[in-house]
Amino acid sequence: MATKWRCSHRSAVARLTLESPADVRLLDKGLSAGEALAAFNAMHDQAGGIASFLGKVRPGEDVKALELTHYEPLTLPGMEKLAGQALDRFALDGVLVWHRVGTMQPGEGIVLVAAAARHRRAAFDAVDYLMDHLKSAAWFWKRERRGDGANGAWHWIEPRGDDHAALARWQ
Amino acid sequence: MATKWRCSHRSAVARLTLESPADVRLLDKGLSAGEALAAFNAMHDQAGGIASFLGKVRPGEDVKALELTHYEPLTLPGMEKLAGQALDRFALDGVLVWHRVGTMQPGEGIVLVAAAARHRRAAFDAVDYLMDHLKSAAWFWKRERRGDGANGAWHWIEPRGDDHAALARWQ
Amino acid sequence: MAVRIVFLGPLREAAGTDSLEVSAPLDWDGLLAVAGSVVAEQLRSARVHVACAGEVLADKTALRAEDGDEVALLPPVSGG
Amino acid sequence: MAVRIVFLGPLREAAGTDSLEVSAPLDWDGLLAVAGSVVAEQLRSARVHVACAGEVLADKTALRAEDGDEVALLPPVSGG
């Protein structure tokens with residue numbers, strides 16, 4: 001059975017105030033999914049359900065770090081517009097859209113999306129929609145550092161064909 | 001930007017040890033989604049992504065409380081079997097399937113499902129599959145308390161037709 | 001007095017009790033006879049399942065509960 | 001010296017610089033002329049977008065950057 005935290009959730013949650021109905025952030029430091037979801041959950045206590053997706057830096061293939069660059073005048077307005085589109089399209093109580101920028105290590109969170117809704121299907125579809133559009137439409141470029149020390153080098157990650165197929169589902 | 005907890009996640013996570021690849025629980029007290037997901041996330045640091053769904057007691061329509069009864073000799077084995085089917089069916093690193101029983105207040109979590117996978121689609125589909133099957137195939141009966149004091153009464157929640165439609169998607 | 005019949009969910013109210021103890025062995029006709037007319041009628045519906053000794057029966061009319069077995073009457077689970 | 005050209009993602013390496021300052025006004029032909037041959041070739045691809053003053057241009061060949069505008073060259077975003 002679940003063990004208790006030493007500190008209560010209520011006091012911890014109170015430290016993180018979210019915007020409603022859309023909390024959209026670019027983070028240049030650690031993305032704490034548990035903390036964010038606890039606060040999002042507490043905020044949307046009228047919702048029937050909350051769906052979420054956390055995308056992380058995958059280890060393997062000799063990857064030492066991931067660097068994510070963006071174009072500031074477009075990125076945050078683009079994410080805010082996308083969050084608004086999700087709110088218009090699905091019957092939601094609220095959404096959370098957080099994205100990391102900068103240099104990350106394998107295992108760290110890159111993106112966290114959550115949706116609160118009366119019904120599960122709307123919450124699920126909204127998270128799916130946000131992830132599809134964030135990955136293909138937001139202005140982020142990624143490169144990976146592979147290899148050790150002087151043998152290490154940065155490699156750009158190419159656009160993926162199936163992201164475009166995923167987007168076509170929503171037309 | 002994200003505020004820090006007073007206690008670190010690392011120490012908090014260490015208090016909650018999850019089973020791998022499937023952590024299946026029936027809880028008769030509060031279900032803390034933020035805590036569970038922080039621990040699940042920390043455990044699956046090789047995964048590319050983690051999808052989750054938290055179902056909550058919906059307020060409204062005069063609902064004061066929800067009571068969830070189950071048949072112990074079937075419920076937990078049924079949930080464990082279902083978790084195993086999800087692991088067989090999708091390319092997953094792990095799943096978490098937690099369900100509350102007993103009496104709950106509006107806003108409280110009833111069910112938390114999470115899946116960690118290399119790819120988003122597998123994590124998403126596994127959570128969807130687990131939710132569809134949990135709601136229609138697990139041995140839970142729900143009734144709601146509506147109205148105040150002496151006017152209050154318990155009302156059984158009927159099976160829903162569209163749960164069966166949802167299940168047919170997976171045949 | 002060696003088979004325990006457990007009424008679950010809304011069947012508990014229909015039966016007016018949580019459980020009954022009856023003598024072993026217990027078959028389908030015996031179950032219908034002791035369950036009471038309201039519960040017996042629901043038992044005949046395909047939507048109500050029967051478990052014996054922790055296993056849901058594929059054919060509930062083939063029930064054969066022995067000494068020490070628990071027989072659970074399982075109405076349809078709730079949606080929503 | 002009043003239009004700033006910003007190279008993003010992999011175009012930064014192709015250009016060998018993060019940004020360039022050129023005199024206003026700057027149109028599509030002017031951009032191709034100052035961007036260098038490697039970047040100019042990529043710019044002609046439909047996959048590279050151009051933003052001016054914070055707006056992605058629907059038709060990049062209609063670029064008309066004025067004094068103080070920032071022109072961003074946006075290669076395809078990364079999947080994965």
Side-chain angles (χ1 to χ4, degrees), chain A residues 1-7 9 11-13 15-17 25-42 44-60 98 106-111 114 116 118 120-121 123-124 127-128 131-132 135 162 166, chain B residues 1-7 9 11-13 15-17 25-42 44-60 98 106-111 114 116 118 120-121 123-124 127-128 131-132 135 162 166:
Chain A
M1 294 292 141
T3 329
K4 292 286 168 200
W5 299 74
R6 198 185 329 246
C7 55
H9 275 101
S11 69
V13 164
R15 291 159 189 283
L16 177 59
T17 307
R25 303 186 190 202
L26 280 168
L27 304 163
D28 53 12
K29 290 209 191 67
L31 184 166
S32 174
E35 175 181 21
L37 292 172
F40 189 71
N41 179 15
H44 294 290
D45 60 355
Q46 305 287 305
I50 290 169
S52 76
F53 182 78
L54 170 67
K56 308 208 285 180
V57 182
R58 269 205 301 261
W98 287 12
E108 279 193 82
I110 309 174
V111 57
R118 186 168 170 82
R120 171 162 60 106
R121 187 55 37 210
F124 247 82
V127 171
D128 214 7
M131 284 300 303
D132 278 346
K135 292 181 86 164
D162 62 356
Chain B
M1 294 292 141
T3 329
K4 290 287 170 202
W5 298 72
R6 196 181 337 240
C7 54
H9 276 101
S11 69
V13 164
R15 291 161 187 283
L16 177 60
T17 307
R25 303 186 190 203
L26 280 168
L27 303 163
D28 53 12
K29 289 209 189 69
L31 185 166
S32 174
E35 176 182 21
L37 292 173
F40 188 72
N41 177 16
H44 294 291
D45 60 354
Q46 306 287 306
I50 290 169
S52 75
F53 182 78
L54 170 67
K56 308 208 285 179
V57 183
R58 270 205 300 261
W98 286 13
E108 277 193 85
I110 308 174
V111 55
R118 186 168 169 83
R120 172 162 59 105
R121 187 53 40 209
F124 248 82
V127 171
D128 214 7
M131 284 299 304
D132 278 345
K135 292 182 87 165
D162 62 356

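Chain letters run A, B, ... following the sequence lines, proteins first, then strands; residues in each count from 1.
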>> As an exercise: rank B/V57, B/D45, B/V111 by heavy-atom pairs under 4.5 Å with chain A and give me the winner.
In response: B/D45
>> Just verifying a value: how many Å separate B/L31 CG and B/L26 CG, rounded to the nearest 0.5 Å?
In response: 10.5 Å
> Where do B/G109 and B/L54 come nearest, in terms of heavy atoms and distance?
Replying inline: CA-CD1, 4.1 Å
> Checking A/V127 against chain B: side chain, backbone, both or neither under 4.5 Å from a heavy atom?
Replying inline: both
> Top residue by heavy-atom pair count (under 4.5 Å) with chain B, among A/R118, A/E108, A/Q46?
Replying inline: A/R118
> Is the backbone N or O of A/N41 less than 3.5 Å from a side-chain atom of B/K56, with the two atoms forming a donor-acceptor pair by type?
Replying inline: yes
>> Please identify, among A/G49, A/A51, A/G55, A/S52, the residue contributing the most non-hydrogen atom pairs under 4.5 Å to chain B.
In response: A/S52
> Checking A/R121 against chain B: side chain, backbone, both or neither under 4.5 Å from a heavy atom?
Replying inline: side chain
> Going by the angle between their ring planes, with limits at 30° and 60°, are A/F124 and B/F124 parallel, tilted or perpendicular?
Replying inline: perpendicular
> Do you know which two heavy atoms are closest between A/T17 and A/R25, and how far apart they sit?
Replying inline: O-NH2, 3.0 Å
